S.K.: 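Right, I'll just put the structure down here and ask away after.
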Amino acid sequence: MQTIKLFLNVYNRAFNFGQAVEGVRSLLLELKEVSPEFAYWDVLGKKRFEPLRHDLSDLAGTLRAADKPKQKYRYEFSALDADGNLTDESMSREGFSFSLFSAAPDSRGGLAYSRPDPVEITFWLGKEYYPAQVSMTFSPENKAILNGRVMHAIVDAMIRSWDPDLLEVWSDDFYRTAVSDHEIPRMLRAGWFNYLRHPLIVPCLPDKLPYAVTGLGDDRILLS
């Protein structure tokens with residue numbers, strides 16, 4: 001089996017730090033309903049992994065510490081507090097970046113993953129002139145997750161929590177082989193799952209769709 005990657009883009013929506021945190025929280029809560037594999041998470045901080053509480057009550061504080069601006073870069077941020085910490089209203093020209101890894105229930109953080117072959121979620125949110133992006137990376141050892149039913153549930157959770165404009169799920173090897181120009185990789189849509197939101201798409205669909213095509217509302221479609 002191969003490494004599987006999920007990518008999504010959210011266009012034309014700005015994120016301050018508070019909105020970024022709530023986007024992360026929404027996704028983690030959705031994923032908890034999908035599989036017990038997603039019940040616990042570690043956040044990659046400045047120098048070590050920091051475990052999140054099961055109820056996510058420490059999420060904002062942990063992400064705030066993980067992405068605290070270095071003093072020489074504070075000019076790129078707005079609405080910092082007197083100690084240079086991010087506030088809910090903070091904006092950033094370079095955006096906010098968080099990396100989370102599925103964790104063991106008894107994780108104490110540290111310098112290594114708390115479980116083998118974790119699922120990684122990376123968020124890039126709020127960067128000027130760029131879409132917000134979320135990615136998930138699944139090890140081939142995660143056999144409980146890498147089946148069609150569970151992956152479909154993960155895709156559904158992503159769509160509900162982020163309302164993206166574009167979402168794709170690829171095998172890593174296939175992506176690298178099939179996409180010849182990595183500067184414009186979205187020119188090819190041949191992934192395991194492909195989701196697109198566009199007002200002209202749904203009116204073009206026939207009344208009867210193949211089982212692998214799902215119309216979602218008036219302006220979006222999911223192909224698998």
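Residues: numbered from 1 along the sequence shown. As the structure is a computational prediction, the values presented were derived from the model and not from experiment.
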S.K.: Just by modelled atom types, is the M91 backbone N or O under 3.5 Å from a matching donor or acceptor in the S78 side chain?
M.R.: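 Such a contact is found between S78 side chain and M91 backbone.
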S.K.: Using every non-hydrogen atom in the two residues, find where T3 and P140 come nearest and quote the distance to one decimal.
M.R.: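 Of all heavy-atom pairs spanning T3 and P140, the closest is OG1-CD, 3.6 Å.
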S.K.: At what distance, to the nearest 0.5 angstrom, does CZ of R160 lie from CD of E30?
M.R.: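 One gets 4.0 Å once the value is rounded to the nearest 0.5 Å.
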S.K.: If you measure from CZ on F138 to CD on E37, what distance do you get to the nearest 0.5 Å?
M.R.: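 Answer for the CZ-CD pair, F138 versus E37, is 11.0 Å.
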S.K.: On a heavy-atom basis, which atom in F77 and which in P69 lie closest, and how many Å separate them?
M.R.: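 The pair with the smallest heavy-atom distance is CE1-CB, 3.5 Å.
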S.K.: Test your reading of the model: is there a side-chain donor-acceptor pair from D55 to the backbone of S57, 3.5 Å cut-off?
M.R.: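 Yes, the answer is positive, given that a donor and an acceptor are paired below the 3.5 Å cut-off.
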S.K.: Check the hydrophobic clustering (I, L, V, M, F, W, Y; side-chain heavy atoms under 4.5 Å; chains of links allowed) and say if I154 and F101 are grouped together.
M.R.: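 No.
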S.K.: Which residue pairs pass the side chain to side chain donor-acceptor pair (under 3.5 Å) test with at least one member in residues 38-48, sequence neighbours excluded?
M.R.: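 Every side chain to side chain donor-acceptor pair (under 3.5 Å) pair that includes a residue of residues 38-48, provided the two are not neighbours, is D42-S107, D42-S114, R48-E50.
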S.K.: Out of curiosity, does W124 fall in the hydrophobic cluster containing L59 (side-chain heavy atoms, cut-off under 4.5 Å, transitive links)?
M.R.: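 Different clusters: L59 never reaches W124 through Ile, Leu, Val, Met, Phe, Trp or Tyr contacts under 4.5 Å.
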S.K.: Are M158 and L29 connected in the hydrophobic side-chain network, where two residues link if heavy atoms are under 4.5 Å apart?
M.R.: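 The answer is yes; both residues are in one hydrophobic cluster.
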S.K.: Taking side chain as C-beta onward, heavy atoms only, is I145 less than 4.5 Å from M136?
M.R.: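 No, their side chains stay 4.5 Å or more apart.
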S.K.: Distance check, rounded to the nearest 0.5 Å: E168 atom CD versus N194 atom CG?
M.R.: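 That separation rounds to 5.5 Å.
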S.K.: With rounding to the nearest 0.5 angstrom, report the CG to CZ distance, L125 to F98.
M.R.: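 L125 atom CG to F98 atom CZ measures 6.0 Å (nearest 0.5 Å).
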S.K.: Identify which one of V21, L27, L28 satisfies the side-chain contact (heavy atoms from CB on, under 4.5 Å) criterion when paired with V24.
M.R.: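 Option passing the side-chain contact (heavy atoms from CB on, under 4.5 Å) with V24: L28.
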S.K.: Considering only heavy atoms from C-beta outward, does the side chain of D67 approach that of L63 to under 4.5 Å?
M.R.: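 They are not in side-chain contact.
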S.K.: Kindly say whether L86 contributes a backbone atom to a donor-acceptor pair with the side chain of R64 at under 3.5 angstrom?
M.R.: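 Yes, the answer is positive, given that a donor and an acceptor are paired below the 3.5 Å cut-off.
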S.K.: Is it the case that the side chain of D117 and the backbone of S139 share a donor-acceptor pair, with hydrogens and angles ignored and the cut-off at 3.5 Å?
M.R.: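 Pair absent, no side-chain N/O of D117 close to backbone of S139.
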S.K.: Is E22 reaching over with its side chain to a backbone N or O of Q19, donor-acceptor style, under 3.5 angstrom?
M.R.: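 Here the side-chain-to-backbone pair does not exist.
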S.K.: Using the six-membered ring wherever Trp is involved, compare the ring planes of F123 and W162 and label them parallel, tilted or perpendicular (cut-offs 30° and 60°).
M.R.: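 Tilted: the ring planes of F123 and W162 meet at 30° to 60°.
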S.K.: Flag the pair L8 / Y195 as yes when at least one side-chain heavy-atom distance between them is below 4.5 Å, and no otherwise.
M.R.: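 A side-chain contact is absent here, since even the closest heavy-atom pair is not under 4.5 Å.
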S.K.: Take atom CZ of R108 as the centre, draw a 6.0 Å sphere, and report whether it contains more than 12 heavy atoms from other residues, nucleotides or ligands.
M.R.: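 Count not over threshold, so no.
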S.K.: Does D83 come within less than 4.0 Å of K68, counting only side-chain N to carboxylate O?
M.R.: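 No, D83 and K68 are not salt-bridged.
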S.K.: Taking S90 for its side chain and F17 for its backbone only, find out whether a donor-acceptor pair lies under 3.5 Å.
M.R.: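 No, S90 side chain to F17 backbone: no donor-acceptor pair under 3.5 Å.
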S.K.: Calculate, to the nearest 0.5 Å, the distance between atoms CE and CG belonging to M151 and L6 respectively.
M.R.: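 One finds 7.0 Å between CE of M151 and CG of L6.
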S.K.: Do D165 and N9 come within less than 4.5 Å of each other through their side chains, counting heavy atoms only?
M.R.: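 No. Closest side-chain heavy atoms not under 4.5 Å.
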S.K.: Indicate yes or no for a side-chain donor-acceptor contact from S99 to the backbone of L44 under 3.5 Å, with no hydrogens or angles considered.
M.R.: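 It does not hold such a pair.
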S.K.: Does D58 reach the main-chain N or O of R53 with its side chain, forming a donor-acceptor pair under 3.5 Å?
M.R.: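 Checking the backbone N and O of R53 against the side chain of D58, a donor-acceptor pair under 3.5 Å is found.
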S.K.: Check for me whether the distance between the ring centres of F96 and F15 falls short of 6.0 Å.
M.R.: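 Ring centroids of F96 and F15 are no less than 6.0 Å from each other.
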S.K.: Do you know which two heavy atoms are closest between R25 and L56, and how far apart they sit?
M.R.: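 Closest heavy-atom pair between R25 and L56: NH1-O, 3.0 Å.
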S.K.: May I ask you to test the L52-L100 pair for a side-chain heavy-atom distance under 4.5 Å?
M.R.: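 Heavy-atom side-chain distance check passes, below 4.5 Å.
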S.K.: Kindly compute the distance separating CZ (R93) from OH (Y73), expressed to the nearest 0.5 Å.
M.R.: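 R93 atom CZ to Y73 atom OH measures 12.0 Å (nearest 0.5 Å).
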S.K.: Under 3.5 Å, is there a donor-acceptor pair between the S135 and Q133 side chains?
M.R.: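 There is no such pair between these side chains.
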S.K.: Tell me, do I4 and S171 make a side-chain contact under 4.5 Å, heavy atoms counted?
M.R.: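 I4 reaches S171 side chain to side chain.
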S.K.: Which heavy-atom pair separates T87 from L80 by the least distance, and what is that distance?
M.R.: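 Heavy atoms of T87 and L80 come nearest at CG2-C, 4.2 Å.
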